Amino acid sequence: MMILFIVLNIFLFVWWRNNQRPTLKVTDANATIISEIRNQKIKVSKFSTSVVYASYLAGKRSTNLMSTVEKLSNYNANIDNRTLFVSLNKASQSAKQSSNFSGKSNSSNINEETKIAHHVGYRYNSVLSKVNMKNRSTYSQYIDGLPVVAKYGLMIFNTDKDERVTSFTQTKISDISVLRDERATITEEEAIVALYKFNELGGGDQLSKGTLSYDTSLNVNGYDIYTPVWVFVVTHKDSSRVLLKVNAFTGDNLSE
């Protein structure tokens with residue numbers, strides 16, 4: 001853990017030094033750029049200018065996943081590379097069994113995938129689901145109150161035309177610890193401005209509402225380091241959709 005603290009201390013010092021700037025001037029500049037974005041016919045959802053606080057976190061990739069299927073029947077399940085793979089032999093069995101998760105009948109307006117996901121503490125991620133193929137949806141594990149958008153910490157469901165689950169995968173983060181005290185993140189508005197400056201937005205694009213989330217790209221001594229990021233989906237004029245990410249501490253572009 002000592003190595004984790006050293007790495008984060010160096011990174012945070014560089015971030016703090018590079019982000020000292022007059023608040024009033026930044027606010028005026030952001031308003032000007034937002035106006036320019038709208039003049040270029042880029043559609044932006046109503047965004048927040050509130051400052052949210054978050055921390056750096058560390059977590060391990062869990063292998064304790066089989067409890068997810070304890071109330072299902074007629075399924076095949078295996079764990080490979082710390083990922084649970086579940087295939088339901090009959091989709092109709094999912095509808096019958098998963099109603100047990102919430103105690104509600106199948107007439108509930110909560111669909112079957114939601115019941116399975118909520119049973120193990122995952123919530124629907126509308127941003128990640130926007131870039132999925134048809135009949136596929138993504139649910140996120142929440143850590144320190146924010147959804148995960150990294151590979152680990154997700155449940156991804158495949159359903160048939162009647163929204164009955166046919167298969168799903170699950171990854172999970174465990175042994176989560178806070179590495180540093182909470183500190184201010186950039187606002188959603190600042191994240192949008194950053195995307196525009198990085199040429200991720202063009203005329204006629206439509207940008208979704210942003211979601212403050214946790215993502216990871218660094219592994220130290222078996223721990224993944226999770227950083228808060230702003231996540232958006234941009235829909236281009238040709239209807240294609242792309243996931244965009246901005247580091248919520250540094251404002252760096254993390255989009256692939």
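Not measured: the values here are computed from a predicted model.
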(message) Counting the benzene-type ring for Trp, do Y56 and Y226 have ring centres under 6.0 Å apart?
(response) no
(request) Find out whether I186 and V246 are in side-chain contact, i.e. whether some heavy atom of one side chain is under 4.5 Å from a heavy atom of the other. (result) yes
(message) With rounding to the nearest 0.5 angstrom, report the OH to OG1 distance, Y75 to T68.
(response) 10.0 Å
(request) Would you please test V86 and T169 for side chain to side chain contact (heavy atoms under 4.5 Å, CB included) and show each step? (result) CA-CA 6 Å; V86 178; T169 61; over 6 Å; no
(request) Could you pull out the closest heavy-atom pair between E189 and T49, with the gap in Å? (result) OE1-CG2, 3.7 Å
(message) Measuring from atom CG of L128 to atom CZ of R136, what distance do you get when rounded to the nearest 0.5 angstrom?
(response) 12.5 Å
(request) Measure the OG-CG distance between S48 and L212 for me, rounded to the nearest 0.5 Å. (result) 10.0 Å
(message) Contact between Q170 and T83 at the side-chain level, heavy atoms closer than 4.5 Å - yes or no?
(response) no
(request) Indicate the atoms forming the closest heavy-atom contact of N132 with T138, along with that distance. (result) ND2-OG1, 2.9 Å
(message) To check you understand the geometry: which heavy-atom pair defines the closest contact between S174 and S62, and what is its length?
(response) OG-CB, 3.6 Å
(request) Tell me, yes or no, whether the heavy-atom count around D181 atom CG, taken from other residues, nucleotides or ligands under 6.0 Å, exceeds 12. (result) no
(message) Show the nearest heavy-atom pair for residues H119 and E70, with the distance to one decimal.
(response) NE2-OE2, 3.5 Å
(message) Checking N135 against N158: is there a side-chain donor and acceptor pair closer than 3.5 Å?
(response) no
(request) With the side chain counted from C-beta on, respond yes when D144 and Y214 share a heavy-atom pair under 4.5 Å apart, and no when they do not. (result) yes
(request) Could you walk me through whether D238 and S240 pass the side-chain hydrogen bond (donor to acceptor under 3.5 Å, both in side chains) test, one step at a time? (result) CA-CA 6 Å; D238 62 0; S240 63; 2.6 Å; yes
(request) Check whether any side-chain heavy atom of F157 sits under 4.5 Å from a side-chain heavy atom of I116, and report yes or no. (result) yes
(request) For side chain to side chain contact (heavy atoms under 4.5 Å, CB included), just list the numbers for R61 and D224, CA-CA rounded to whole Å, side-chain angles, deciding distance to a tenth of an Å, and then say yes or no. (result) CA-CA 8 Å; R61 304 170 185 181; D224 290 314; 2.8 Å; yes
(message) Distance check, rounded to the nearest 0.5 Å: N219 atom CG versus K60 atom NZ?
(response) 10.0 Å
(request) Output yes when K237 and D205 qualify as a salt bridge under the 4.0 Å nitrogen-oxygen rule, no when they do not. (result) no
(message) Test of understanding: clusters of I, L, V, M, F, W, Y form through side-chain heavy atoms closer than 4.5 Å, transitively. Do L146 and F47 belong to the same one?
(response) yes
(message) Check this for me: does any side-chain nitrogen of one of K245 and D215 sit under 4.0 Å from a carboxylate oxygen of the other?
(response) yes
(message) Would you say V131 ends up clustered with L254 if hydrophobic residues are merged whenever their side chains have heavy atoms under 4.5 Å apart, either directly or through other cluster members?
(response) yes
(request) Test side chain to side chain contact (heavy atoms under 4.5 Å, CB included) on T185 and Y53 and set out the steps. (result) CA-CA 6 Å; T185 63; Y53 287 76; over 6 Å; no
(message) With heavy-atom distances below 4.5 Å as the criterion, would you say the side chains of Y139 and N125 are in contact?
(response) no
(message) Are L201 and V242 connected into the same hydrophobic cluster when the rule is that any two of I, L, V, M, F, W, Y join if their side-chain heavy atoms are below 4.5 Å apart?
(response) yes
(request) Of all the heavy-atom pairs spanning V127 and K209, show the shortest one and how long it is. (result) CG2-O, 4.1 Å
(request) Report whether Y122 and L84 are members of the same hydrophobic cluster (ILVMFWY, side-chain heavy atoms less than 4.5 Å apart, transitive linking). (result) yes
(message) Is it the case that the side chain of T211 and the backbone of S213 share a donor-acceptor pair, with hydrogens and angles ignored and the cut-off at 3.5 Å?
(response) no
(request) State the OG-CG distance between S87 and N74, to the nearest 0.5 angstrom. (result) 9.5 Å
(request) Answer yes or no: is there a donor N or O on one side and an acceptor on the other, between the side chain of E112 and the main chain of E163, under 3.5 Å? (result) no
(message) So I192 and V44, do their side chains get closer than 4.5 Å, heavy atoms only?
(response) yes
(message) For the CD1 atom of I79 and the CZ atom of F85, what is their distance to the nearest 0.5 Å?
(response) 10.0 Å
(message) Quick one: does any side-chain atom of T171 pair with a main-chain N or O of K151 as donor and acceptor, under 3.5 Å?
(response) yes
(request) Please tell me if the side chains of L195 and F232 come closer than 4.5 Å, counting only heavy atoms from C-beta onward. (result) yes
(request) Step by step, work out the side chain to side chain contact (heavy atoms under 4.5 Å, CB included) result for I176 and Q141. (result) CA-CA 12 Å; I176 300 166; Q141 182 180 350; 4.2 Å; yes
(message) Membership question, hydrophobic clusters at under 4.5 Å side-chain separation (ILVMFWY): are I34 and W230 in the same one?
(response) yes
(request) For the pair E113 and R164, find out whether any cationic side-chain nitrogen is under 4.0 Å from an anionic carboxylate oxygen. (result) no
(request) Determine whether the side chains of N253 and S255 contain a donor N or O and an acceptor N or O closer than 3.5 Å. (result) yes
(message) With a 3.5 Å distance limit and no angle check, can you tell me whether S140 reaches the backbone of V149 through a side-chain donor-acceptor pair?
(response) no
(message) Using the rule side-chain contact (heavy atoms from CB on, under 4.5 Å), only one of V233, L244, T235, I37 pairs with L207; which is it?
(response) L244
(request) Examine R82 relative to Y152 and say whether NZ or CZ is less than 6.0 Å from the centre of the six-membered ring and inside a 45° cone about the ring axis. (result) no
(request) Quick one: closest heavy-atom pair of Y223 and A58, and the distance? (result) CD2-CB, 3.9 Å
(request) Examine distances only and state if a side-chain atom of T216 and a backbone atom of I225 form a donor-acceptor pair shorter than 3.5 Å. (result) yes
(request) Would you mind reporting whether T166 and L88 have side-chain heavy atoms less than 4.5 Å apart? (result) no
(request) Could you tell me whether a side-chain N or O of E188 sits under 3.5 Å from a main-chain N or O of G210, the two making a donor and an acceptor? (result) yes
(message) Does K130, at its NZ atom, have more than 12 non-hydrogen atoms belonging to other residues, nucleotides or ligands within less than 6.0 Å?
(response) no
